[in-house]
Amino acid sequence: MSLAGDSKQLEVFIKRKAFRAATGEVREVLRDFTLTLDVGKIYALVGPSGYGKTTLLRIIIGLDRDFEGRVTLPPETKIGMVFQEPRLLPWRSVLDNLKLAAPQANEVDLVKIADDLGVGDHLRNFPGELSLGQARRVALARAFAIKPNLLVLDEPFVSLDAVLARRLADELVALVEQTQVTTLLVTHDIDEAVRLADHIILLGHRPAEIVGNIDVTLPRRAMTADYAAKTKGEIGAILAENAV
Ligand SMILES: Nc1ncnc2c1ncn2[C@@H]1O[C@H](COP(=O)(O)OP(=O)(O)OP(=O)(O)O)[C@@H](O)[C@H]1O
Ligand SMILES: [Mg+2]
């Protein structure tokens, strides 16, 4: 399958994904779950805690192969991943963390990405010398360093103050728009989802299924308070209806 002329970046079908807990109890997290992402769009995945969002992302990026179903990616797909925690190598400098993720990249490009994300002054620092916000920026820079065509982000701005979260989100959007990378972002923040995404996928029920598929029809730059409020209301109602 070639990416040229093929607008689908990713197709996921999960017939069944279950975990066996230490007690022996088997919990089905995903069943008959399908997801298709088109090239170059930003998708937000929103759903209650414990409903399988991280599980789904781990399956998509190939970290968890213990499921029934299939994930279809074009063969040349390069995935950039940002986990719920920054997960930097603590004994390597910021620059070395970037270099290790993207050994083919040249240093000028890596410095530029770090600059774009506001951590260009910290390239010689170690992760332990960074604030959480700075570490999150480095984790984003590391994901971009590999020049991904699929970017997968698991609550990348969680536990940051609102101003910083918003600034980082804007920086993310600028980079995504520059690079046209297909993006799947997990967030609990409905405001963030409406502000950032082209499409919002809502998860509900257990095992999880898609209970809502919202197209954000206004372009990001033209977003109005009225439209955002209406869309958030729609999302809140769907999530409340499908919380169990
Ligand atoms: N390694 C594991 N072993 C057993 N159960 C697991 C494991 N990983 C996840 N689970 C269970 O699978 C379900 C989904 O977990 P997952 O981490 O995907 O949720 P989530 O939607 O990402 O939640 P959150 O929003 O809190 O991050 C949870 O009920 C969790 O207890
Ligand atoms: Mg999670």
Side-chain angles (χ1 to χ4, degrees), residues 10-37 42-71 73 79-88 132-133 135-137 139-140 142-143 148 150-162 164-165 168-169 172 182-197 199-214 232 235-244:
L10 173 144
E11 288 174 309
V12 186
F13 170 60
I14 298 169
K15 178 144 189 52
R16 183 170 183 272
K17 168 64 191 176
F19 287 108
R20 183 184 293 277
T23 56
E25 182 203 347
V26 174
R27 183 177 294 141
E28 252 190 0
V29 179
L30 299 161
R31 190 201 301 147
D32 293 329
F33 185 96
T34 53
L35 179 67
T36 303
L37 305 187
I42 302 182
Y43 294 81
L45 183 64
V46 177
S49 179
Y51 273 49
K53 301 181 298 297
T54 298
T55 303
L56 175 66
L57 298 193
R58 286 173 52 84
I59 289 175
I60 289 173
I61 67 172
L63 261 185
D64 185 345
R65 296 180 193 275
D66 181 18
F67 70 101
E68 289 170 45
R70 64 176 183 276
V71 174
L73 303 171
I79 303 178
M81 175 74 204
V82 179
F83 293 95
Q84 269 176 297
E85 297 307 323
R87 292 199 191 184
L88 304 173
L132 179 60
R136 288 205 183 283
R137 285 158 189 258
L140 275 173
R142 182 177 55 179
L150 176 63
L151 183 63
V152 178
L153 307 135
D154 200 352
E155 300 190 57
F157 314 124
V158 80
S159 76
L160 298 179
D161 72 74
L164 180 56
L168 260 184
L172 170 73
T182 306
T183 301
L184 178 59
L185 164 87
V186 168
T187 177
H188 279 117
D189 183 338
I190 298 177
D191 280 292
E192 187 174 280
V194 173
R195 211 172 59 245
L196 301 186
H199 300 280
I200 302 172
I201 301 157
L202 304 177
L203 286 191
H205 304 306
R206 286 170 194 266
E209 51 188 275
I210 295 177
V211 294
N213 231 321
I214 311 252
K232 281 189 283 179
I235 292 171
I238 296 174
L239 288 177
E241 260 170 45
N242 294 284
V244 283

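When a ligand or atom number is given, it counts from 1 through the structure's own listing order. Everything numeric here is computed off the predicted structure, so don't read it as measured data.
Put simply, Thr54 gets within reach of the Mg ion (ligand 2), with an N, O or S atom under 2.8 Å from it.
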Polar pairs, ligand 1 vs protein, N/O only, below 3.5 Å.
residue, atom, partner, partner atom, Å
ligand 1, 18 (O), Thr54, N, 3.4
ligand 1, 18 (O), Thr55, N, 2.9
ligand 1, 18 (O), Thr55, OG1, 2.5
ligand 1, 19 (O), Gly52, N, 3.4
ligand 1, 21 (O), Tyr51, N, 3.2
ligand 1, 21 (O), Gly52, N, 3.0
ligand 1, 21 (O), Lys53, N, 2.9
ligand 1, 21 (O), Lys53, NZ, 2.8
ligand 1, 22 (O), Thr54, N, 2.9
ligand 1, 22 (O), Thr54, OG1, 2.9
ligand 1, 23 (O), Gly50, N, 2.8
ligand 1, 25 (O), Lys53, NZ, 2.8
ligand 1, 25 (O), His188, NE2, 3.2
ligand 1, 26 (O), Ser49, OG, 2.6
ligand 1, 27 (O), Gln84, NE2, 3.0
ligand 1, 29 (O), Arg27, NH1, 3.3
ligand 1, 31 (O), Arg27, NH1, 3.2

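Put simply, CD1 on Ile200 and CD1 on Ile190 are 8.5 Å apart, with the number rounded to the nearest 0.5 Å. One finds the CD1 atom of Ile79 at 7.5 Å from the CG atom of Leu10 (value rounded to the nearest 0.5 Å). From Phe157, atom CZ reaches atom CG of Asp189 across 10.0 Å, with rounding to the nearest 0.5 Å. Interatomic distance, Ile14 CD1 to Glu209 CD, rounded to the nearest 0.5 Å: 13.5 Å.
Remark: Lys17 is positioned above the aromatic ring of Phe19, its terminal NZ or CZ atom under 6.0 angstrom from the ring centre and at most 45 degrees off the axis.
Test Val82, Val186, Ile61 against Asp154 for side chain to side chain contact (heavy atoms under 4.5 Å, CB included) and you get one pass: Val186.
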